[in-house]
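Proteins come first, then strands; the chains are lettered A, B, ... in the order of their sequence lines, and each starts at number 1.
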Amino acid sequence: MAEDKEIRYDPSVIEPKWQQRWAADPTLYAADAFDSGRPKYYVLEMLPYPSGQLHMGHVRNYAIGDALARHMWMRGYNVLHPMGWDAFGLPAENAALKNNTPPRQWTLSNIAGMKRQFERLGMGFDWSREVTTCLPDYYRWNQWFFLRMYERGLAYRKKSKVNWCPDCATVLANEQVIDGRCWRHEDTIVEQRDLVQWFLRITAYAQELLDGLDKLDGWPEKVRTMQRNWIGRSEGTEVEFGVENRSEKVRVFTTRVDTIFGATSVQLAPEHPLVTALAAADAGLKKQVNELLEEQKKAREAGDVGAIDKHGVPTGHFAINPFNGERVPIWVANYVLLDYGTGAIMSVPGHDARDFEFATKYAIPVRRVIAPADSNAEEPELPYLSEDGVLVNSGEFSGLSCEAAQKQLREVAARQGFGEATITFRLKDWGVSRQRYWGTPIPMIHCERDGIVPVPDDQLPVLLPEQIDITQQGGSPLGRVPEFVNVTCPKCGGPARRETDTMDTFVDSSWYFYRYTDAKNSAEPFAPAAAQYWFPIDQYIGGVEHAILHLIYSRFWTKVMRDLGLITNDEPARRLFTQGMVIKDGAKMSKSKGNVVSPDEMVSRFGADAARMYALFAAPPDRDLDWQEDGVAGVSRFLGRVYRLVVKYASVARSAGEQAAESPAGTSLKLLRKLHQTIAKITLDFEGRWHFNTSVAAIMELVNEIQAVDAQLASGEIPAPVVHELLRTLVLMMAPFAPYLAAELWDELGGEGAVFRAPWPPSNPELTREDELEVPVQINGKLVSVVRVPSDAGPDAIQAAALADPKVKSRIEGKTVVKIIVVPRKTVNLVVK
RNA sequence: GCGGAAGUGGUGAAAUGGCAAACACACUAGCCUUAGGAGCUAGCGCCCAAAAGGCUUAGGGGUUCAAGUCCCCUCUUCCGCACCA
């Protein structure tokens with residue numbers, strides 16, 4: 001078609017034009033006040049760190065969320081779709097050291113740049129609710145929450161072994177240490193240091209955080225499992241062993257107290273206080289224990305803590321089993337961890353694989369105390385690990401089942417005061433102190449007279465000083481700002497020192513989504529009524545890398561806020577979606593691999609619509625997506641086809657006005673059927689499966705089918721109302737995926753208002769049904785032929801059609817048809833002998 | 001070791017237990033042309049010269065009239081946890 005060439009799709013003209021118009025209308029993506037009569041829908045993508053550049057992972061994340069937000073607008077919901085910046089953190093300080101730019105300036109200029117990228121990508125965010133966590137109007141509420149937690153004993157200070165990253169020059173939370181390495185520095189071994197630090201008592205909610213997972217059925221099972229593992233609940237018993245000739249006691253933790261008569265030694269962690277005490281009086285032991293510690297450290301550095309050889313050293317002292325008075329040797333073992341359970345275990349080599357390995361190595365006796373429940377069964381080899389057996393060699397408890405024995409042993413221990421049932425969690429309290437500058441100051445004051453004194457509410461925010469030299473290394477940078485440090489004690493008025501540590505940046509992201517509901521509030525973190533209206537988040541979308549970190553901290557914070565009476569929901573998000581990574585050439589995009597594709601480059605070459613639509617089309621959203629430039633070019637060509645098709649027939653469509661297509665037939669009917677099938681499919685994709693790759697494919701099929709009858713369109717054979725319905729609905733369906741093109745074409749078609757506020761097209765069930773169906777015919781399960789039958793044909797008619805088919809006839813000739821299965825609309829299968 | 005997800009053309013992938021490979025990318029051939037990162041037509045899982053036909057969803061068993069899909073075993077890849085007592 002010669003005239004087709006006149007019409008050229010040029011996103012570099014269309015997109016900036018609409019970007020300008022949208023920027024001029026701040027109400028376009030604004031959520032209604034929370035008393036709106038329409039049902040609410042809160043869709044949220046995780047907020048980015050303002051590194052300076054969006055990457056393709058962001059583009060994908062936000063393309064998914066934006067498509068959903070636009071779809072929900074079109075479905076008539078009051079949609080909240082906000083965006084903000086996780087703006088505190090180490091990179092700003094590192095950049096400052098490198099370029100001599102203040103962290104605040106670096107961060108704010110990055111935010112401005114990334115905001116432009118978001119706008120250029122056509123993301124529909126409600127910027128009137130923008131949250132920037134490094135600004136005092138936000139972080140003052142971090143301080144406010146910290147004080148509330150302090151009042152309730154949920155924030156506290158203690159000296160303990162903490163993770164120290166030498167590259168970050170700060171302490172890290174347990175959640176930020178991965179395989180003994182820093183989460184930000186893959187090659188940096190995290191050291192252990194003894195420091196006084198602030199902690200948040202997340203363990204107070206351990207059980208609730210665990211139980212809540214069962215109800216989060218809108219969360220991926222993977223994330224729930226990861227959190228369950230992380231919380232690591234373990235039910236067991238603590239038993240106190242006496243120490244011969246000494247006053248100390250040793251408490252051991254065990255999940256198998258039923259095997260306690262088989263305990264032939266007690267094993268202590270090398271850092272256990274009793275070991276320290278014994279070693280203080282025994283230079284030889286001290287030397288050996290130090291060797292064990294050195295070895296552990298090396299294993300940690302090698303990253304294979306689980307693989308080191310189990311070994312230990314005898315202390316020469318003995319423990320007394322309180323159940324039978326038996327004297328067993330006390331060892332120090334390198335596989336016993338101080339920070340799990342009590343840091344001490346009873347070793348039962350007969351019924352524990354690891355204890356068995358250890359006992360064999362050091363010729364410690366192995367004793368059978370559990371036998372199979374079936375007394376006729378052959379005696380199994382040790383170690384025998386089953387929990388279904390009965391006790392033997394266990395004094396008065398012999399003959400009991402393992403389960404019954406556990407119960408009775410606990411009762412005896414409790415009655416006699418040497419033990420109790422306990423529950424141990426792997427989850428540890430959240431260490432939030434950071435010896436860095438660019439974070440929320442912890443609102444505490446150290447007074448010589450009054451000790452730790454919280455900053456009174458009316459003195460919040462404790463402002464982060466702007467004029468600071470952070471080029472010096474060592475210690476908290478805030479400690480070098482005398483105006484900041486030297487204060488008077490709010491209690492006694494005497495001289496005092498301000499806390500110089502700042503908060504972990506994960507504090508910022510633990511509650512930011514509540515602030516969106518009332519972002520400008522200067523009297524409280526947010527009005528409870530606003531949060532009450534919008535929460536929980538209906539759909540949260542982000543990367544799975546936050547499965548433990550952000551997603552467990554923010555669940556904790558929600559429970560604390562609930563207990564403070566600010567909110568009524570127990571969980572922050574009803575549904576969570578974790579999208580896959582964007583990879584290229586088989587590897588995650590990263591600067592070091594040199595396989596990074598810049599969104600700006602994609603946008604300038606193919607347009608934002610093409611980049612976004614490709615991100616949705618190339619793979620289902622939960623899978624990894626392989627970025628292929630040829631694929632983006634393909635989507636761009638498709639958008640060009642849509643553009644030319646709609647522009648070419650826009651005047652025909654407009655001429656129909658609001659006139660509906662009447663009793664369509666022939667090609668018109670065929671096209672309208674395809675149209676309504678497409679609507680039904682895409683609506684379903686949004687509602688449940690989220691396979692937007694097939695939504696896009698369905699639109700492509702529809703466009704292919706319309707294009708195939710171009711001659712009939714050009715000749716005017718297709719009535720204008722049909723053309724109108726086809727093109728208008730096509731544009732509406734494109735709107736969530738390619739907003740710029742949809743806006744442009746909506747305009748071409750004379751549509752009223754913004755296309756993303758137009759109602760989502762309903763699919764007409766009458767029209768999704770075909771007149772005739774193709775039904776495959778199988779013989780013994782193998783496809784033989786396909787017959788056409790009316791779509792309302794009953795089983796008898798379908799069977800008759802199948803038997804009348806020539807191919808079928810020739811195949812069953814001379815044979816016996818044993819059985820015929822007819823599945824209406826699906827298949828016919830003849831069982832033939 | 002424990003737990004989870006996955007394995008389908010040259011590539012990305014599609015398929016409520018009912019015609020495997022839709023939709024694209026790449027490739028091949030052709031057309032068109034004010035030559036563009038354009039458009040159009042056709043072909044494109046494997047075997048066979050072609051047709052007819054046969055084979056095909058990591059491998060092996062099973063359930064079923066019917067299995068990529070459900071069950072069992074094995075292998076591979078990715079992810080999480082891991083001396084957790």
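For the C1' atom pair drawn from B/G68 and B/A20, the interatomic distance equals 8 Å after rounding to whole Å. Spacing between B/A15 and B/G45 at atom C1', rounded to whole Å, works out to 16 Å. Remark: the separation of the C1' atoms in B/G60 and B/U76 is 15 Å, to the nearest Å. With C1' as the reference atom, B/G4 and B/A85 are 25 Å apart, rounded to whole Å. Taking atom P on both nucleotides, B/C2 is separated from B/C73 by 13 Å, rounded to a whole Å. Nucleotides B/U69 and B/C19, compared at atom C1', are 15 Å apart to the nearest Å. Straight-line distance between the P atoms of B/A24 and B/G43: roughly 14 Å, to the nearest whole Å. Between the P atoms of B/A6 and B/A21, the separation comes to 23 Å (whole Å).
Contacts of A/A633 with the nucleic acid, taken as non-hydrogen atoms under 4.0 Å apart, are absent. When heavy atoms are screened at a 4.0 angstrom cut-off, A/V336 is found touching base atoms of the nucleic acid. Looking at heavy-atom distances under 4.0 Å, A/G634 makes contact with sugar-phosphate atoms alone, never a base. No engagement by A/D352 is indicated, since no non-hydrogen atom pair under 4.0 Å with the nucleic acid exists.
Shown here are the side-chain contact (heavy atoms from CB on, under 4.5 Å) partners of A/A618, two or more places apart in sequence or in another chain: A/Y614, A/L625.
The aromatic ring centroids of A/F737 and A/F686 lie less than 6.0 Å from each other. If you look at A/W331 and A/Y362, their ring centroids are closer than 6.0 Å.
Not one side-chain nitrogen or oxygen of A/T342 sits closer than 4.0 Å to the OP1 or OP2 atom of B/A85. Of the side-chain N and O atoms in A/R224, none sit less than 4.0 angstrom from OP1 or OP2 of B/G80. Within the 4.0 Å cut-off from OP1 or OP2 of B/C81, not a single side-chain nitrogen or oxygen of A/R426 is found. Residue A/N229 has no polar side-chain atom (N or O) positioned under 4.0 Å from OP1 or OP2 of B/G4. Considering only side-chain N and O atoms, A/R637 lies under 4.0 angstrom from the phosphate OP1 or OP2 of B/C25. OP1 or OP2 of B/U64 has not a single side-chain nitrogen or oxygen of A/K819 nearer than 4.0 Å. The phosphate of B/A38 (OP1 or OP2) has no side-chain N or O of A/R641 nearer than 4.0 angstrom.
Nearest nucleotide to the side chain of A/K222, out of B/C79, B/C84, B/C83: B/C79. When distances run from any side-chain atom of A/A619 to the nucleotides B/C55, B/A24, B/A13, the shortest one goes to B/A13. Comparing B/G12, B/C84, B/C65 by their nearest atom to the side chain of A/Y340 picks out B/C84. Side-chain atoms of A/K782 lie closest to B/C55 of the nucleotides B/C55, B/G80, B/G37.
Residues A/K681 and A/S695 have side chains that never bring a donor and an acceptor to within less than 3.5 angstrom of each other. One side chain, A/R233 or A/Q207, offers a donor N or O that lies under 3.5 Å from an acceptor on the other. For the 3.5 Å distance criterion, the side chains of A/S347 and A/D352 fail to qualify, holding no donor opposite an acceptor. For the residue pair A/N229 and A/Q227, no side-chain donor N or O sits within less than 3.5 Å of a side-chain acceptor on the partner.
Of the two residues contacting RNA chain B, namely A/V544 and A/F253, the nearest-nucleotide position lying further toward the 5' end is that of A/V544.
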Between the protein and nucleotides 16-22 of chain B, are there any N/O to N/O pairs under 3.5 Å, and if so, what are the atom names and distances?
from, atom 1, to, atom 2, distance (Å)
B/U16, O4, A/K826, NZ, 2.5
B/G18, O2', A/K826, O, 3.4
B/G18, N2, A/Q778, OE1, 3.2
B/C19, N4, A/E774, OE1, 3.1
B/A22, O2', A/E701, OE2, 3.3

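Remark: B/G10 base-pairs with B/C25. Criterion, Watson-Crick or G-U wobble with two distances under 3.5 Å.
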Item to check | A/V239 and A/R251: CA distance, side-chain angles, deciding distance, side chain to side chain contact (heavy atoms under 4.5 Å, CB included) verdict | outcome: CA-CA 5 Å; A/V239 179; A/R251 282 186 89 82; over 6 Å; no
